[in-house]
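Order of appearance sets the numbers: ligands from 1, and atoms from 1 within every ligand.
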Amino acid sequence: MHIFTGAEIKQIDQIAQKSGLDVFTLMENAGRALFEEMKKHIGKKDRILIMSGKGNNGGDGIVLARYLQQHGYSCELVLPAGKPKSETALKHFTHYTSCGLKVSEIQGKYDVIVDALLGAGATPPLQGEIQKVIHWANEQHALKIAVDLPTGVSADEGWADEAFQANYTYCLHGYKPSAFLEGSTDYYGEKKVLGIGLPQESKWQVWTEEHVKRTFQKREQKAHKGTFGTGLLLAGSDEMPGSALLAGIGALRSGIGKLTIGTSRFVAGVLAGRIPEAMYAHDGLQKVVNGQVPKGMKACAIGPGLPNPEEIEQALKVLFQSDLPLIIDAGALQERRYPSRKAEIILTPHPGEFSKMTGIPVPDIQKNRLYFAQKYAQEQGVITVLKGRNTVIAFPDGDLFVNETGNAGLAKGGTGDTLTGMLLAFVSAEKDIKSAVANAVYFHGCSADHWGKTKAQRGLLASDVSELLPDIMKSFE
Ligand SMILES: NC(=O)C1=CN([C@@H]2O[C@H](COP(=O)(O)OP(=O)(O)OC[C@H]3O[C@@H](n4cnc5c(N)ncnc54)[C@H](OP(=O)(O)O)[C@@H]3O)[C@@H](O)[C@H]2O)[C@H](O)CC1
Ligand SMILES: [K+]
């Protein structure tokens with residue numbers, strides 16, 4: 001399930017053309033694939049309206065209209081913006097009319113409305129007839145299907161003034177970034193990718209259940225506690241002891257072999273009764289500042305519930321010199337340059353923290369979060385986990401995953417601490433860093449989804465996320 005920007009799709013079409021696969025054939029493939037998929041949701045008695053625009057998105061609609069009519073469906077094609085302007089769509093239109101098929105006018109009620117007005121080549125906001133017809137379509141009680149993307153939504157950015165409110169969107173060859181961005185994702189309805197015969201893959205992908213099944217490591221029965229790594233968690237302060245508790249339980253429930261929590265004496269005293277499985281490094285952050293990093297660690301997480309930026313900065317200077325993968329979260333997320341080092345640095349900002357780190361306003365980040373996360377990851381050489389709906393995981397080599405699990409129940413204090421603990425466990429135990437990070441994010445969201453099946457999302461606590469993890473992970477072992 002790959003993700004392509006509008007510009008990438010254009011480029012892919014040009015490559016296809018050069019290698020002998022012309023756009024006429026791709027359009028034929030698109031129309032046929034749309035027909036095969038739509039058949040699952042429609043019947044021969046349904047009155048179907050196809051609204052085609054002047055570009056190639058409209059061309060896909062023209063091919064679809066031909067397939068539907070030739071297979072006995074009651075389908076009417078309308079061209080609200082006039083005859084096709086694109087050369088390929090015009091060729092298909094000529095073929096359509098030469099088959100004796102007609103163009104209609106919008107009249108009366110329809111059971112199904114297909115939006116093939118604008119796709120990846122258009123630039124919203126909508127103008128002219130197209131705007132009027134989308135407004136009309138949104139008021140109709142009909143099953144609404146969008147081709148490639150809902151008209152009025154931009155391919156790459158998360159915003160829309162008025163757009164087609166689809167029940168289903170069939171994305172051709174791959175998703176476009178706006179399918180995952182606040183401000184546009186809700187217009188898509190249920191989305192699905194349809195193949196149209198192109199071989200290209202993207203460095204941007206959705207991290208799916210199949211990825212998790214392929215990469216999540218089974219626990220060997222001959223394993224001992226050393227097999228799954230020892231993690232150092234620098235978290236919690238007298239004012240915020242709960243952060244260390246939540247991150248610690250998140251790490252242990254995710255299967256960390258051994259956990260050392262570096263925290264204040266007071267917090268260690270409070271936590272000892274709640275997490276007897278952990279070891280405690282009293283005044284752990286101060287010890288790291290003094291150059292005393294506990295030995296034998298596989299990874300370190302720093303940030304949850306730490307209030308003192310100067311102390312954190314000094315500790316990070318020491319940790320950057322170490323060979324430990326570092327997970328940097330919450331209080332430890334600041335605007336800074338990261339050194340080039342062998343072990344990975346993983347940052348886990350929510351949009352507000354990412355804005356503080358980059359100076360980019362939150363609305364701009366949200367409009368284009370895949371792009372900004374990747375840019376930051378590549379410029380700084382760090383793995384960037386940009387949290388929120390559809391968490392983005394961007395790697396320094398340009399790979400990027402979007403995680404779709406999770407729900408609004410996670411919009412609550414403490415859930416980020418739990419994720420940090422989970423990341424510490426996954427990074428300590430798993431060999432492949434990319435799947436370690438992505439699987440932690442995936443399971444974190446799965447817990448919230450599991451909870452939401454039987455309980456109100458608003459009642460979810462960060463500690464519930466950890467409690468549910470063993471059930472969730474069981475189905476992948
Ligand atoms: N490889 C693939 O995935 C393939 C996908 N296909 C389909 O092609 C479209 C992209 O087609 P393209 O022709 O590049 O662009 P669109 O059809 O999306 O849009 C062009 C028309 O949009 C009009 N336009 C642009 N902005 C606006 C606006 N704000 N309001 C109203 N109208 C607008 C524009 O009109 P102009 O007068 O400005 O020229 C064009 O008429 C992709 O999404 C897939 O559906 C191919 O079929 C096969 C390969
Ligand atoms: K469309």
Just to confirm my output: which protein heavy-atom neighbour is closest to [atom], and how far is it?
| atom | result |
| --- | --- |
| atom 46 (C) of ligand 1 | D60 OD1, 3.8 Å |
| atom 36 (P) of ligand 1 | K85 NZ, 3.6 Å |
| atom 9 (C) of ligand 1 | N57 N, 3.6 Å |
| atom 26 (N) of ligand 1 | T123 N, 3.3 Å |
| atom 24 (N) of ligand 1 | L118 CD2, 3.9 Å |
| atom 13 (O) of ligand 1 | N56 N, 2.9 Å |

Taking 4.0 Å as the limit for heavy-atom contacts, which would you say applies to A30 with ligand 1: side chain only, backbone only, both, or neither?
neither

Please check if any side-chain donor atom of [X] sits under 3.5 Å from a side-chain acceptor atom of [Y], or the reverse.
| X | Y | answer |
| --- | --- | --- |
| N439 | W207 | yes |
| Q205 | H211 | yes |
| D156 | S178 | no |
| T391 | N403 | no |
| T405 | D449 | no |
| Y67 | E28 | yes |
| R369 | Y371 | no |
| T25 | D22 | yes |

Suppose I only count heavy atoms of L198 and a 4.0 Å limit; which atoms of ligand 1 are within that range?
1 (N)

[atom] touched by protein heavy atom at under 4.0 Å:
| atom | result |
| --- | --- |
| atom 34 (C) of ligand 1 | no |
| atom 29 (N) of ligand 1 | yes |
| atom 5 (C) of ligand 1 | no |

Within less than 3.4 Å of the K ion (ligand 2), any N, O or S from L149?
yes

To 10 degrees, how wide is the angle OD2 (D115) to the K ion (ligand 2) to O (V147)?
130°

Of all the heavy atoms in [X], does at least one lie under 4.0 Å from an atom in ligand 1?
| X | result |
| --- | --- |
| I196 | yes |
| D13 | yes |
| S86 | no |

Step by step, would you call F401 with F395 a ring-ring contact (aromatic ring centres under 6.0 Å, His included)?
CA-CA 9 Å; F401 303 137; F395 298 92; 5.4 Å; yes

Cation-pi check for Y96 against R66: NZ or CZ below 6.0 Å from the six-membered ring centre and within 45 degrees of the axis, yes or no?
no

Give a yes/no verdict on a cation-pi contact between K192 and Y170, requiring under 6.0 Å between NZ or CZ and the six-membered ring centre and an angle within 45° of the axis.
no

Under 3.5 Å, N or O to N or O, is A120 touching ligand 1 that way?
yes

For the 3.5 Å polar cut-off, considering only N or O atoms, please tell me whether G121 and ligand 1 meet it.
yes

Check each of G55, G119, S154 against atom 20 (C) of ligand 1 and report the one with the nearest heavy atom.
G55

Option among V63, N29, T88 that satisfies the side chain to side chain contact (heavy atoms under 4.5 Å, CB included) test with F24
T88

